[in-house]
Amino acid sequence: MSLDSPLPAPLSGRHALVTGAGRGIGAAIARRLAEDGARVTLLGRQAAVLDETLAALPGGPHFAVTADVAQPDSVAAALAAARQALGPVDILVNNAGQAGSAPFLKTSMALWQRMLDVNLSGTFVCCQAVLPDLLAQGRGRIVNIASTAAQKGYAYVAAYAAAKHGVVGLTRSLALELARQGITVNAVCPGYTDTDILREGVAHAVAKTGRSPEEVQAEFVAGNPQRRVIQPREVADAVAWLCADGAGSVTGQCISLSGGEVMA
Ligand code: NAP
């Protein structure tokens with residue numbers, strides 16, 4: 001290699017599947033992994049949203065496919081299409097999620113079940129679907145986007161926090177099971193991040209309490225010692241690092257991206 005040659009892209013030759021990749025944190029992760037040279041499959045429920053994000057990705061080829069992560073048959077069909085388009089998967093990022101809130105006594109079974117289905121069972125379903133590809137190649141990366149609500153409690157989100165704590169248990173157990181197979185499994189735990197989930201959370205609290213959006217947002221940010229929301233790109237940067245070869249010894253970890261809100 002001459003001194004003028006650019007360094008090879010760290011994820012060149014890898015196929016990364018990102019769930020919930022049409023917008024928010026998932027779109028930022030898809031873009032970052034594409035910038036690092038990966039071929040990316042974007043998975044979500046809305047084709048038009050996925051296609052818009054897909055069209056803006058650098059490099060390629062990339063692929064978009066619709067599926068509901070809480071539906072195993074839907075995930076299996078999407079994965080078959082992704083394999084056909086881009087080959088076996090090397091990297092799975094379980095990012096799809098929803099954050100419903102309610103006081104505990106008003107948390108319906110429907111809300112409880114939806115939080116578990118999408119955030120926890122969706123992660124389980126996608127891990128089970130993709131794992132045979134990683135095992136066959138003797139290497140791979142799984143990164144689960146959990147939350148600081150996986151590391152501590154917050155009022156009015158018991159169902160979401162329970163599901164995200166569950167993601168951490170899944171992450172740690174699977175990491176041990178795969179530790180000698182060349183596959184790492186980690187969780188990234190962002191604090192309040194600048195996406196639709198945060199905007200919807202602020203709007204919900206404004207509607208419930210009559211406070212101004214500025215007051216509600218200030219209360220959210222007050223828990224972060226840096227007094228700011230996290231940017232999706234910051235989450236994407238952490239994911240990209242975990243996916244690179246240099247992070248091969250990092251497994252079973254929950255990396256808090258929260259300005260110091262969680263220290264453990
Ligand atoms: P977002 O902008 O609302 O994006 C959520 C994504 O998940 C969307 O792309 C959505 O796509 C997808 N999704 C939701 N339900 C799905 C399902 N059943 N099947 C497939 N895809 C589904 O929220 P975000 O903030 O980027 O959230 C991404 C992840 O970060 C979530 O796991 C969330 O819990 C976590 N997180 C967010 C924050 C925050 O403050 N924003 C903090 C900590 C952790 P479609 O609706 O098009 O299907």
Side-chain angles (χ1 to χ4, degrees), residues 17-32 41-54 64-75 77-79 82 92-101 113-126 129 143-152 154 157 159-168 170-171 187-205 216-217 219-221 223-224 228-236 238-239 254-259 261-262:
L17 187 148
V18 182
T19 70
R23 56 196 166 90
I25 292 170
I29 293 168
R31 179 169 190 84
R32 181 66 166 76
T41 290
L42 298 89
L43 183 150
R45 292 171 304 172
Q46 303 181 71
V49 177
L50 293 170
D51 286 344
E52 203 177 319
T53 302
L54 179 74
V65 64
T66 54
D68 181 334
V69 293
Q71 303 289 338
D73 291 348
S74 164
V75 170
L79 195 61
L92 169 65
V93 182
N94 285 302
N95 164 79
Q98 296 177 23
S101 65
Q113 198 58 53
R114 181 163 59 86
M115 289 302 101
L116 291 177
D117 284 350
V118 177
N119 295 298
L120 180 54
S121 300
T123 300
F124 164 76
V125 165
C126 291
V143 183
N144 298 324
I145 308 304
S147 168
T148 46
Q151 303 182 294
K152 59 180 270 193
Y154 291 89
V157 289
Y160 177 71
K164 290 295 192 181
H165 274 69
V167 169
V168 170
L170 186 162
T171 300
V188 170
C189 300
Y192 288 113
T193 305
D194 190 12
T195 71
D196 289 347
I197 278 190
L198 178 62
R199 289 183 276 277
E200 285 159 14
V202 169
H204 185 72
V216 172
Q217 172 116 6
E219 189 181 304
F220 283 3
V221 167
N224 178 328
R228 67 182 185 89
V229 293
I230 310 301
Q231 292 304 314
R233 177 75 185 195
E234 297 179 272
V235 183
V239 171
C254 306
I255 299 178
S256 197
L257 305 181
S258 60
E261 181 180 352
V262 176

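Ligands are counted one by one from 1 in listed order, and the atoms in each one are counted from 1 as well. What you see is a predicted model; the values in this text were computed from it and never measured.
Between T195 and ligand 1, an N or O atom pair is found at a separation short of 3.5 Å. Distances between N or O atoms of I25 and those of ligand 1 include at least one value under 3.5 Å. Any N or O atom pair closer than 3.5 Å counts here, and V69 shares at least one such pair with ligand 1. For a threshold of 3.5 Å applied to N or O pairs, the pair formed by T148 and ligand 1 contains no separation below that value. At under 3.5 Å, not a single nitrogen or oxygen of A70, backbone or side chain, sits near a nitrogen or oxygen of ligand 1.
Every atom of ligand 1 with a heavy atom of Y192 under 4.0 Å away is listed here by number and element: 40 (O). Near G97, the atoms of ligand 1 lying under 4.0 angstrom from a non-hydrogen atom of the residue are 5 (C), 7 (O), 14 (C), 31 (C), 32 (O). Set against the non-hydrogen atoms of G24, the atoms of ligand 1 under 4.0 Å away are 2 (O), 26 (O). The ligand atoms of ligand 1 that sit less than 4.0 angstrom from a heavy atom of A67 are 19 (N), 20 (C). Distances below 4.0 Å separate heavy atoms of Q46 from the following atoms of ligand 1: 45 (P), 46 (O), 47 (O).
Residue, atom and distance of the protein heavy atom nearest to atom 34 (O) of ligand 1 are Y160 OH, 2.6 Å. Among all protein heavy atoms, the one lying closest to atom 31 (C) of ligand 1 is N95 O, 3.2 Å. Taking atom 10 (C) of ligand 1 as the reference point, the nearest protein heavy-atom neighbour is R23 NH2, 3.6 Å.
Heavy-atom proximity to atom 39 (C) of ligand 1, evaluated over T193, T66, N119, is greatest for T193. Of the listed options D68, V188, L50, D68 places a heavy atom closest to atom 18 (N) of ligand 1. Residue nearest to atom 15 (N) of ligand 1, selected from R114, Q98, E200, M115: Q98 (by heavy-atom distance).
The shell of residues lying under 4.0 angstrom from ligand 1, judged by heavy atoms, excludes G201. Taking 4.0 Å as the cut-off, P232 does not count as a neighbour of ligand 1 on heavy-atom distance. Under a 4.0 angstrom heavy-atom cut-off, K164 registers as being in contact with ligand 1. V49 does not count as a contact of ligand 1, since none of its heavy atoms falls under 4.0 Å from the ligand. At least one heavy atom of P190 sits closer than 4.0 Å to an atom of ligand 1. Note on ligand 1: A27 sits outside its first shell, no heavy atom being nearer than 4.0 Å.
Checking Y154 against S101 by side-chain atom types alone, no donor-acceptor pair falls below 3.5 Å. Using modelled atom types, one finds no donor on one side chain facing an acceptor on the other under 3.5 Å when comparing T123 with N144.
Not a single donor-acceptor pair under 3.5 Å links the side chain of S258 to the backbone N or O of P190.
Here N119 contributes atom CG and I145 contributes atom CD1; the two are 12.0 Å apart, rounded to the nearest 0.5 Å. How far CZ of R23 is from CD of Q46: 6.0 Å, rounded to the nearest 0.5 Å.
Between R199 and D196 there is a salt bridge, since a side-chain N of the basic residue sits under 4.0 Å from a carboxylate O of the acidic one.
Enclosure of atom CZ in F124 is not indicated, since only 12 or fewer non-hydrogen atoms of other residues, nucleotides or ligands lie within 6.0 angstrom.
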